[in-house]
Structures are given as structure tokens and as C-alpha cells.
Q: 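Below is a structure I'd like to ask you about.
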There are 2 protein chains.
Amino acid sequence: MRLGGHVLANLKQLAQSLGLSITTVSRALDGYADVSASTRQRVQEAADKAGYRPNASARRLRKQRAELVAVTLPSEPGHIGPPHFLDMLSGCAEHLASAGLNLVIAPVPHGESELDMCRRFVDGRRVDAMLLVRTKRDDERVEFLQSRGFPFVTNGRTESAIQHPFIDGDGFSGFHNATLRFHRAGHRRIAHVAGPQDYYFAHVRRQGWEAAMRECELPVDLYAEQAPTEQGGYEAALSLLHRPDRPTSIVCATDEMAIGVLRALREVDGGQSVSVVGHDDLPIGAFTSPALSTMRMTGENLGRSFASLLLRAIAGEPAEALQELHAIEFVDRDSHRRPPRAA
Amino acid sequence: MRLGGHVLANLKQLAQSLGLSITTVSRALDGYADVSASTRQRVQEAADKAGYRPNASARRLRKQRAELVAVTLPSEPGHIGPPHFLDMLSGCAEHLASAGLNLVIAPVPHGESELDMCRRFVDGRRVDAMLLVRTKRDDERVEFLQSRGFPFVTNGRTESAIQHPFIDGDGFSGFHNATLRFHRAGHRRIAHVAGPQDYYFAHVRRQGWEAAMRECELPVDLYAEQAPTEQGGYEAALSLLHRPDRPTSIVCATDEMAIGVLRALREVDGGQSVSVVGHDDLPIGAFTSPALSTMRMTGENLGRSFASLLLRAIAGEPAEALQELHAIEFVDRDSHRRPPRAA
DNA sequence: CTTGACTCCCAAAACGTTTTGGATGAGGCT
DNA sequence: AGCCTCATCCAAAACGTTTTGGGAGTCAAG
């Protein structure tokens with residue numbers, strides 16, 4: 001196979017070989033109108049033949065754009081990721097690429113805070129924007145980026161006084177509805193297994209559950225908070241199941257926790273007596289026993305949405321125009337069908 | 001919270017504010033010996049106070065290094081890759097970062113080939129090295145990068161005549177051993193559900209199975225090839241189960257295919273009659289019914305290994321010194337325990 | 001012929017860093 | 001004094017692009 005020979009390194013060489021100036025070659029390739037059609041074509045052909053590509057670093061320096069966007073990878077508990085996280089990243093990267101930007105992944109180095117990392121990227125002008133995942137209610141990364149006036153989009157809201165671009169699921173409504181669903185099915189002791197309340201998603205999900213419980217005039221103390229992991233869910237469930245007012249149903253902040261809850265239920269009574277619902281629609285949920293009923297954020301091609309918001313944030317659109325709150329839909333499987341009065 | 005005020009943009013301003021030359025400030029910060037200790041300290045303090053970070057694009061241009069490594073994301077069937085792929089990426093990115101490199105993810109844009117993408121990255125000097133996953137036996141990306149003399153590491157071997165750096169699992173031995181294990185357990189009709197044979201991993205796994213079958217003097221035509229997906233595995237299993245010499249055990253090229261095989265078995269006879277083993281140790285395998293026995297590549301912190309190989313490839317070490325073949329270990333769960341003589 | 005408009009091209013500056021190749025001055029030695 | 005060494009510092013070049021601000025030349029109108 002012929003893969004194309006040596007590559008003409010730069011504009012200078014290309015210009016020389018054509019007997020033109022660097023300026024003209026550059027402008028010809030960029031499609032400016034002040035280059036004659038014939039010259040443009042000649043340049044274009046020569047460039048194609050030589051396999052010329054502009055040096056990215058040089059363009060970046062001159063244009064003062066890094067042509068890069070960083071996405072933070074949470075290293076902390078709860079493992080990585082929203083199920084379709086990699087799909088999302090992939091879609092995001094692809095759409096960014098069509099605008100000439102690349103996506104760099106930025107895990108938090110050992111012994112460094114997420115804030116330090118942001119600082120490195122922002123102050124070193126290594127990227128044009130940042131994509132933050134796993135927001136906290138009071139998120140120092142958000143505060144920092146706002147103080148720098150740096151473009152960013154978060155996956156998840158915050159309680160920041162200043163608006164910022166985000167994409168998030170409507171966790172309040174999702175958990176509110178899920179709780180009401182249990183209530184309609186006759187459940188009265190509906191528990192909530194919550195994640196750490198400094199995370200926005202965990203807090204807002206709890207609020208949805210709590211609001212529904214109050215509306216139904218049910219107590220809001222059937223509640224356990226743990227790390228957003230399988231182990232956390234397991235422990236939360238054990239503590240709830242040993243209470244005298246043992247719940248007949250459990251609304252879990254995440255699928256990962258819900259899977260831990262199912263394990264606890266199997267150990268305690270074979271898993272047949274308590275209804276469970278999770279959130280995230282992890283693929284694994286279809287394979288648990290019973291198959292895990294759950295919730296998922298609506299909207300397809302989330303990666304594209306993130307990319308679009310990022311580009312618009314870079315372009316300077318105001319934050320208010322860059323906020324997407326997606327509805328939550330119920331995923332109907334088996335684990336939520338236990339009767340409200342258990343043995 | 002105080003997040004640090006405005007940032008001194010560049011060396012020039014920093015130098016001016018100190019009454020020093022740009023050269024001296026630059027060299028002071030880089031720790032050169034021809035700057036007096038007192039000056040170095042003064043510069044260092046001023047830089048810290050101002051929150052100065054060198055402009056990445058400028059350094060990259062000057063040093064002729066992109067400080068970036070790209071990893072290709074396969075968009076094609078079989079979903080996205082290796083099981084703990086995101087963990088691997090995260091570890092790799094973290095260790096690259098400690099050497100000053102960032103990892104960019106490079107999904108294949110719509111309507112572009114993986115080769116085009118490599119070309120863009122390489123000829124535009126956008127990256128210093130590439131990490132290729134999902135190698136084919138005859139891989140055009142590898143050939144291209146070799147022709148350019150560009151540093152890269154693959155996840156998976158190829159049949160390239162020229163050596164290149166890689167990390168791979170010893171699929172031959174893994175499948176050889178798994179097949180012999182079935183033979184020892186009394187199985188005689190041991191089938192192989194294979195992936196597309198142009199992928200190296202799929203080919204070498206088939207060869208492992210085939211070699212074992214020949215050693216045991218068993219026929220090597222109990223074989224079906226399909227896409228490396230759940231659906232592919234499902235279809236392959238159906239075709240095998242309808243044969244007169246119906247297998248009593250099936251060695252599957254991937255866990256994803258194995259999960260499809262389990263589904264087919266459940267549909268055909270409740271899933272109790274045929275032994276199955278997969279490869280990859282997908283987390284989901286622990287939740288299938290029966291729990292999927294599988295294989296996994298040994299070695300921890302693969303991300304670190306990839307990062308290290310990439311750095312050494314960039315440093316110019318010869319390919320022969322940059323090849324890691326990891327042993328495959330068996331993951332003992334339930335799906336491989338069916339009796340060799342089924343109903 | 002002059003003027004202005006228009007087309008096509010280009011020299012030079014700029015982006016911010018690292019590196020090259022000295023310059024300067026102090027001090028020691030002969 | 002003259003010479004060498006050493007410790008500090010710096011001006012200028014270089015990296016390869018994009019952009020600024022014209023400069024020729026042509027042509028039509030005045």
C-alpha cells in the first residue's frame with residue numbers, strides 16, 4: 001500500500017516550492033477571497049500532494065486558542081461513571097473534533113486536588129474550556145472557573161449564586177415521581193438510600209423523595225446516607241432493614257447503591273419482600289436478580305449536547321442560554337413490584 | 001474563599017516587574033545553574049505570587065513537542081473496547097500527566113477512516129505519540145505510523161513484519177488452556193464462538209482453541225464466527241446448537257459474545273446443558289445467570305504500563321524492548337460446570 | 001492624465017516560549 | 001598589567017502560523 005511519501009513540513013517550504021509568499025499560501029488554504037482562483041487551486045493541489053497540514057502548536061500560539069477541551073474524570077468513590085460515560089465522551093469528542101477541538105481527559109493526579117488541576121489547565125492556557133462532572137452543591141471548581149471568567153459546562157447543577165452552563169437530569173421530579181409511584185401502589189414505609197449530600201445530584205434526589213413523602217404525610221426519617229457505591233448501598237440497606245419500621249420499598253440514589261441494596265435483601269430474606277428502584281440505568285441492572293427497575297435521563301446523543309454547549313460557551317453565549325434540564329424516565333423492570341405488605 | 005487574583009500573563013510582564021530579562025526569568029524557573037540562588041528565589045516567589053504558568057502553546061511550538069498523546073476509540077461493533085477501558089485510560093492519563101503529557105481521546109469522526117485520523121494527528125504534529133486499540137492482524141494504522149517513524153503503542157499485537165511496541169494478553173495460551181480444561185472435564189464436542197478473524201485478538205484466540213483441539217485429536221469444525229457483540233454470540237450459538245454434533249461446551253472469544261451465547265442457551269433448553277467460558281472479565285459477567293466463567297489478562301495498573309511504554313517510545317527506545325505479553329488467568333464462576341454429556 | 005476602485009499578492013509583526021552565543025564584571029594568578 | 005576563569009546575566013533568534021497594513025498593477029470613470 002502506498003501511504004504517501006515524505007511530508008512538506010511547513011508553509012515556508014510549500015511557499016518556496018510554489019514561488020509564492022507564505023502569506024499567500026496560508027490565505028489560499030484558508031479560502032480567503034484575495035487569492036485568485038487559479039492560484040488557490042495551484043496551492044491546494046500542491047498542499048494535497050505534499051500532504052501538508054498546518055502545525056497545530058504554531059496555529060494555537062498565534063490564534064491564542066488551545067483547540068482543546070478538558071474533561072475531569074472523578075477518581076473518587078462511586079467508581080467512574082455514569083454508565084454511558086465513555087459513550088458520552090466519545091460523542092462529545094467527535095462533535096468537538098468537527099469544530100477543530102480535541103478532548104483531553106484529565107484524571108486527578110495523585111496528591112493533587114481537582115482545583116489544582118483546573119488551575120493548571122486554565123492558567124497555563126492549555127485548554128479553551130472545561131467539562132466538569134460530578135458537581136458538588138458548593139463546587140470550588142465552579143467557583144474558580146467563574147472567578148477566571150473561563151468557559152465551562154458542568155454535568156450536574158450546583159448551588160452557585162451565579163448562573164453557569166450545565167446539563168442535568170431533573171432528579172427532583174424523578175425521585176418525587178418514583179416515591180409517589182410506590183405510594184400509589186400502596187406502600188407507606190418508603191425508604192431512601194441516599195448518596196453524600198454534598199453532591200448536588202444526591203441532595204436533589206433526596207429532596208424529591210422527601211417532598212413526596214411530606215405530600216403523602218409520611219415520615220421522612222426512613223433514610224440512610226452512604227457512599228455512592230455498591231458497598232454503601234449494602235450497608236445502608238442493612239441499617240434500614242433492622243429498624244422496627246422496616247421499609248417495604250427503597251428508593252436508591254444510584255443503581256450502584258441499588259445493587260448493594262439487592263444484595264442485602266437477598267441475604268436478609270431472599271430478596272422477595274422489598275421493592276427497589278435505582279437511578280442511572282446501568283447496563284448491569286438488566287442482569288441482576290431481580291432485574292433492577294431504575295430511572296434514566298432522557299435525551300439522546302448527550303455527547304453532542306455537551307459539545308454544542310461547550311462551543312457556545314467558548315463563543316461567549318451567556319450562561320442562562322446554556323442550561324439543559326432533562327426529564328427523567330422510569331425504566332420498568334422487576335425489582336419494584338414487591339407487594340407493599342411484606343411477610 | 002480566596003482563589004488568587006489576576007494572573008500575570010507571560011514571561012515578559014514577569015521579567016519587567018522584576019527588572020530582569022526574559023531569559024533569566026525563564027532559566028530561573030527551569031532551574032538552570034547560571035542563575036544565582038538569590039535571583040532564582042526572587043523569581044520563584046514572584047512567579048508563585050503571580051500564579052504564573054508558562055503558555056503551553058508557546059512552549060510546544062518552541063520545543064517541537066505537542067505534549068499530547070492520542071488514543072483511538074473504536075466506534076465499531078463490539079461496543080467500546082476492553083472491559084476496564086475507562087479505568088485504563090484514566091490511569092494512563094494520570095501517569096502521562098506526571099511527565100507533562102496529556103491524553104486526548106480520538107473517536108473516529110463520521111465519514112472518516114481511522115487511518116485519516118492518524119494522518120491528521122501525525123502530520124499536523126498534534127501529538128507526540130499514539131495509542132492504538134483493537135488492532136487488526138494487518139493494521140493500516142500500524143503500517144502508516146511505521147512508515148512515518150512515529151512513536152506509538154498498540155493494545156494488541158499485529159502480524160506486521162516490523163516489530164512495534166504493544167501490550168497484549170496471551171490469547172493463544174488462554175484459549176488453549178481453556179479448551180484443554182474442558183477436555184479434561186470430559187468434554188469432546190468443544191465449540192468455539194469466534195470474532196472477526198481480521199482482528200488479531202480474535203484470530204489468536206481461535207488458534208489457541210484449534211491447537212488444543214488438534215492435540216486432543218478433536219475436530220476443529222465446531223466453529224462459528226460472528227460480530228464480537230452479544231447479538232453475534234447469540235446467533236453463533238443458535239447455529240451451533242442446531243447442528244447434529246451439538247457441542248457440550250463453548251469457548252467464546254469475548255464475554256459480550258458469551259452473554260449472547262447464554263441467552264441462546266436459555267432459550268433453547270433453559271441453559272443447563274452446555275458449558276460456557278468467555279474472555280475479558282466484564283463486570284457484568286458476575287451477574288449473568290449462570291454467572292459467567294471467563295478469563296482475564298493478568299497485570300495491574302495497565303494504564304501505567306501503557307503510559308510508560310508510550311514515554312519510552314517517544315524517547316526512542318527500540319520496539320523490541322517495548323513489548324509486554326501478559327498471561328491470561330481463568331476466572332472461575334459457574335457457567336463452565338455443566339456436565340460433558342448433556343440431555 | 002488623474003483618480004479611485006478593485007484584484008492579487010506580499011513583507012513584517014505578532015503570539016510566548018526556549019535556547020544560542022555571547023557580554024560584563026569580579027576575582028585570582030602570573 | 002595582562003590573562004584566564006567563573007558567575008551572572010541578557011539580546012536575539014527560532015519555532016510556524018495568522019493577520020495587519022499596505023504595494024503593485026489593471027481597468028473604468030471622470
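Below, chains carry the letters A, B, ... as their sequence lines are ordered, and counting in each starts from 1.
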Q: Specify the closest pair of heavy atoms between A:E114 and A:V108, including all atoms of both residues, with the distance to one decimal.
A: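 Looks like CG-CG2, 3.3 Å.
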
Q: Could you tell me whether the side chain of A:D168 and the main chain of A:R157 form a donor-acceptor pair under 3.5 Å?
A: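 Side chain of A:D168 to backbone of A:R157, a donor-acceptor pair under 3.5 Å: yes, one is there.
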
Q: Please report how far the helix from C:dC1-D:dG30 to C:dT30-D:dA1 bends, comparing the axis fitted to its first five pairs with the axis fitted to its last five, to the nearest 10 degrees.
A: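 About 70° separates the two local helix axes.
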
Q: Do A:E94 and A:R304 sit within salt-bridge range, that is, some charged N less than 4.0 Å from a carboxylate O?
A: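 No.
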
Q: Okay, side chain of B:R60, backbone of B:A66: is any donor-acceptor separation there less than 3.5 Å?
A: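 Flag set: sc B:R60 to bb B:A66 pair under 3.5 Å.
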
Q: Counting only side-chain N and O atoms of B:T24, is one of them less than 4.0 Å from OP1 or OP2 of D:dC10?
A: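 Checking D:dC10 against B:T24, a side-chain N or O does come within under 4.0 Å of OP1 or OP2.
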
Q: About how many Å separate OG of B:S21 and CZ of B:R27, when rounded to the nearest 0.5 Å?
A: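 Here the rounded value is 10.0 Å.
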
Q: Report yes or no: is the cationic atom of A:R134 (NZ for Lys, CZ for Arg) closer than 6.0 Å to the six-membered ring centre of A:Y199, at no more than 45° off its axis?
A: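 Yes, A:R134 sits over the ring of A:Y199.
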
Q: Heavy-atom distance under 4.5 Å between the side chains of B:K136 and B:Y200, does that happen here?
A: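 Answer no - side chains too far apart.
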
Q: For a quick test of reading the model, state the closest non-hydrogen atom pair linking B:R59 to B:P54 and the distance between them.
A: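 For B:R59 versus B:P54, the nearest heavy atoms are NH1-CG, 3.6 Å.
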
Q: Assign a letter to each nucleotide of nucleotides 14-23 of chain C from its 5' end: B, base within under 4.0 Å of a protein heavy atom; S, sugar-phosphate only; -, no contact.
A: BBBBBBB---

